Novice: 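The structure is given below, and queries will be raised subsequently.
Because the structure is predicted, anything quoted here is derived from the model rather than measured. When a ligand or atom number is given, it counts from 1 through the structure's own listing order.
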Amino acid sequence: MPEQPFLERILISEEQLAARVHELGRQISADYRGKQPLFVGILRGCILFYADLMKNISVDCTMDFMCLSSYAGTGSTGHVRTMLDLRESIKGRHVVIVEDIVDTGLTLDYLMQHLKDRGAASIEICCLLDKPSNRKAEVHPKYVGFTVENEFVIGYGLDYNELYRNLPYIGVFKKQ
Ligand code: 5GP
């Protein structure tokens with residue numbers, strides 16, 4: 001691949017992503033047999049991960065989405081806003097939140113508080129990437145694709161100022 005000015009290096013290849021997402025799908029399907037889970041994708045970072053994960057889910061399930069905003073550029077603002085809410089009630093449902101990356105944990109901490117009041121039977125988090133070294137809130141994802149260092153990553157749904165979501169791999173962003 002020719003050198004890309006925005007890319008420090010590829011961290012997780014397309015093949016590694018596909019293999020791990022396949023495993024996660026199998027694990028979640030086994031855990032939720034007979035429970036008809038609701039997969040809540042957190043837009044927009046989840047898009048590629050969500051689509052690939054769903055293709056590996058073998059139990060009956062439903063899908064819904066939320067859009068939260070907390071980031072500007074490469075830094076978390078700490079203020080989370082709900083830009084788009086769920087369409088369906090989650091009362092009595094087994095909810096799996098599908099998120100691109102857990103960094104400070106502030107976004108998911110806000111979301112968990114918000115959803116717990118709505119009467120779900122259970123709520124678990126499935127994130128593609130986990131950056132535990134940067135945690136500021138108590139958030140414990142049950143399903144984690146890869147644990148990464150404290151570097152700003154792009155690709156496979158993750159952006160830098162809305163660019164690079166379409167890259168098929170996860171790369172480390174090169175600051176200009
Ligand atoms: P948190 O609230 O856990 O700090 O951050 C959650 C959101 O920040 C993620 O869903 C993601 O959109 C964004 N984010 C955190 N770390 C990164 C990163 O390394 N790269 C990109 N592109 N977004 C990130």
Novice: Which of the atoms of ligand 1 are close to K131, meaning less than 4.0 Å from one of its heavy atoms?
Specialist: 16 (N), 17 (C), 18 (C), 19 (O)
Novice: Determine the interplanar angle of the Y143 and Y32 rings, folded into 0 to 90°, and report it as parallel if under 30°, tilted if 30 to 60°, perpendicular if over 60°.
Specialist: tilted
Novice: Indicate yes or no for a side-chain donor-acceptor contact from D159 to the backbone of G155 under 3.5 Å, with no hydrogens or angles considered.
Specialist: no
Novice: Hey, does Y160 come in under 3.5 Å of ligand 1, counting only N/O atoms on both sides?
Specialist: no
Novice: If you count the atoms of ligand 1 from 1 in the order shown, which ones are under 4.0 Å from a heavy atom of I101?
Specialist: 6 (C), 9 (C), 10 (O), 11 (C), 14 (N), 15 (C), 16 (N), 17 (C), 19 (O), 24 (C)
Novice: If the condition is ring-ring contact (aromatic ring centres under 6.0 Å, His included), which residues does F146 pass it with, not counting sequence neighbours?
Specialist: none
Novice: Judged on heavy-atom distance to atom 9 (C) of ligand 1, which of D100, L129, D109 sits nearest?
Specialist: D100
Novice: Out of all atoms in ligand 1, which are within 4.0 Å of some heavy atom of E99? Include the element for each.
Specialist: 10 (O)
Novice: Give a yes or no on whether a salt bridge exists between R135 and D130, defined as a side-chain N under 4.0 angstrom from a carboxylate O.
Specialist: yes
Novice: Is it true that Y156 and D52 share a donor-acceptor pair across their side chains at a distance under 3.5 Å?
Specialist: yes
Novice: On a heavy-atom basis, which atom in M63 and which in Y50 lie closest, and how many Å separate them?
Specialist: CB-OH, 2.9 Å
Novice: Which of the atoms of ligand 1 are close to E151, meaning less than 4.0 Å from one of its heavy atoms?
Specialist: 19 (O)
Novice: Could you list which atoms of ligand 1 come closer than 4.0 Å to a heavy atom of D159?
Specialist: 21 (C), 22 (N)
Novice: Applying a 4.0 Å heavy-atom criterion (strictly less than), which segment of T107 is in contact with ligand 1: side chain, backbone, both, or neither?
Specialist: both
Novice: Would G105 count as a contact of ligand 1 if the rule is a heavy atom under 4.0 Å away?
Specialist: yes
Novice: With only distance considered, is V102 within less than 3.5 Å of ligand 1 through an N or O on each side?
Specialist: no
Novice: Please compare L163, L111, T104, V172 and report which has the shortest non-hydrogen distance to atom 4 (O) of ligand 1.
Specialist: T104
Novice: Report all side-chain donor-acceptor pairs from residues 86-93 shorter than 3.5 Å, counting only partners two or more places apart or in another chain.
Specialist:
unit_1: S89; atom_1: OG; unit_2: K91; atom_2: N; d: 3.1
unit_1: R93; atom_1: NH1; unit_2: T62; atom_2: OG1; d: 3.4
unit_1: R93; atom_1: NH2; unit_2: Q36; atom_2: O; d: 3.0
unit_1: R93; atom_1: NH2; unit_2: T62; atom_2: OG1; d: 2.9

Novice: Is the distance between the ring centroids of F6 and Y164 under 6.0 Å?
Specialist: yes
Novice: For V153 and ligand 1, does the shortest N/O to N/O distance drop below 3.5 Å?
Specialist: yes
